[in-house]
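Side chains are part of it too, since the values below use all heavy atoms of this structure and drop only hydrogens, waters and symmetry mates. Keep in mind that what you see is a predicted model, and the values were worked out from it rather than measured. Each ligand, and each atom within it, is numbered from 1 in the order the structure gives. Residue numbers start at 1 and run along the sequence shown.
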Amino acid sequence: MNKTIFEKIASKEIPADIVYEDDLVVAFRDVRPVAPVHILITPRKAVPRIAEALPEDHAMLGHLLIKAAEVAAKVGLEKDGYRLVINNGPDGGESVPHLHCHILGGRQMMWPPG
Ligand code: AMP
């Protein structure tokens, strides 16, 4: 299997502005930000999308969400808040088939989303 772009970022084969990493997840700034703060947090494991996560991914996914909140706090979003987004499949707007959670902040988010 070819590596996904996010696996290559995690292994430092391609550059990214990494803001947090550990054994299970890597967080880095989105290359095309749609908010003043736009970070992606992704598992090192190449789960394509949340719909394809397995029971064995349970702990890793919990870890990813806990770390998403920690990363948001670390970059100064704790006080005013932020949005976490996971796009799944074509209607969800997914463009990279490697599970990732967007951390968006630094401006008022709209509801409903576009
Ligand atoms: P999604 O549309 O939910 O699949 O989100 C994929 C995100 O990955 C988009 O916001 C892209 O801007 C972002 N992206 C794609 N390639 C890179 C890269 N090399 N470094 C950082 N972010 C990227």
Are the side chain of [X] and the backbone of [Y] linked by a donor-acceptor contact shorter than 3.5 Å?
{"X": "Lys67", "Y": "Tyr20", "value": "no"}
{"X": "Glu94", "Y": "Asn88", "value": "no"}
{"X": "Arg44", "Y": "Asp22", "value": "yes"}
{"X": "Asp30", "Y": "His38", "value": "no"}

Quick one: nearest non-hydrogen protein atom to [atom], plus distance?
{"atom": "atom 1 (P) of ligand 1", "answer": "His100 NE2, 3.1 Å"}
{"atom": "atom 14 (N) of ligand 1", "answer": "Val31 CG1, 4.0 Å"}
{"atom": "atom 16 (N) of ligand 1", "answer": "Ile5 CD1, 3.9 Å"}
{"atom": "atom 13 (C) of ligand 1", "answer": "Asp30 OD2, 3.3 Å"}
{"atom": "atom 15 (C) of ligand 1", "answer": "Arg32 NH2, 3.9 Å"}
{"atom": "atom 4 (O) of ligand 1", "answer": "Ser95 N, 2.7 Å"}

Taking 4.0 Å as the limit for heavy-atom contacts, which would you say applies to Val34 with ligand 1: side chain only, backbone only, both, or neither?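 Near ligand 1, Val34 shows nothing, with every heavy atom at 4.0 Å or more.
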Side chain, backbone, both or neither: which applies to Val96 and ligand 1 if a contact is any heavy-atom pair less than 4.0 Å apart?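 Both parts.
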Using a 6.0 Å cut-off, check whether atom CD of Glu70 has over 12 heavy atoms from anything other than its own residue.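 Result for CD/Glu70: enclosed.
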Within the supplied structure, the quantity of interest is the number of heavy atoms (other residues, nucleotides, ligands) at a distance under 6.0 Å from Ile66 CD1; does it exceed 12?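 Result for CD1/Ile66: open.
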Tell me whether ligand 1 is touched by Asp17 - counting only heavy atoms on the residue side and a distance under 4.0 Å.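 Distance cut 4.0 Å: Asp17 fails for ligand 1.
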Does Gly93 have a heavy atom less than 4.0 Å from any atom of ligand 1?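 Heavy atoms of Gly93 do come under 4.0 Å of ligand 1.
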With heavy atoms of Ile9 as the reference, note each atom of ligand 1 found under 4.0 Å away.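 Listed by number with element, the hits are 18 (C), 19 (N), 20 (N).
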Enumerate the atoms of ligand 1 whose separation from the nearest heavy atom of Phe6 is less than 4.0 angstrom.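 This gives 8 (O) as the contact atoms.
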Positive for side-chain hydrogen bond (donor to acceptor under 3.5 Å, both in side chains) with Lys45, one of His98, Glu56, Glu7: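 Checked His98, Glu56, Glu7 against Lys45; only one passes side-chain hydrogen bond (donor to acceptor under 3.5 Å, both in side chains): Glu56.
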Flag [X] as yes when one of its N or O atoms lies below 3.5 Å from any N or O atom of ligand 1, and as no otherwise.
{"X": "Arg29", "answer": "no"}
{"X": "Leu40", "answer": "no"}
{"X": "His102", "answer": "yes"}

Just wondering, do Val37 and Tyr82 contact through their side chains at under 4.5 Å, heavy atoms?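 With C-beta onward as the side chain, the pair stays apart.
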Rounded to the nearest 0.5 Å, what separates atom CG in Leu99 from atom CD1 in Ile41?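 Interatomic distance, Leu99 CG to Ile41 CD1, rounded to 0.5 Å: 10.5 Å.
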Ring centres of His100 and His102 under 6.0 Å apart?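 Under 6.0 Å, so yes.
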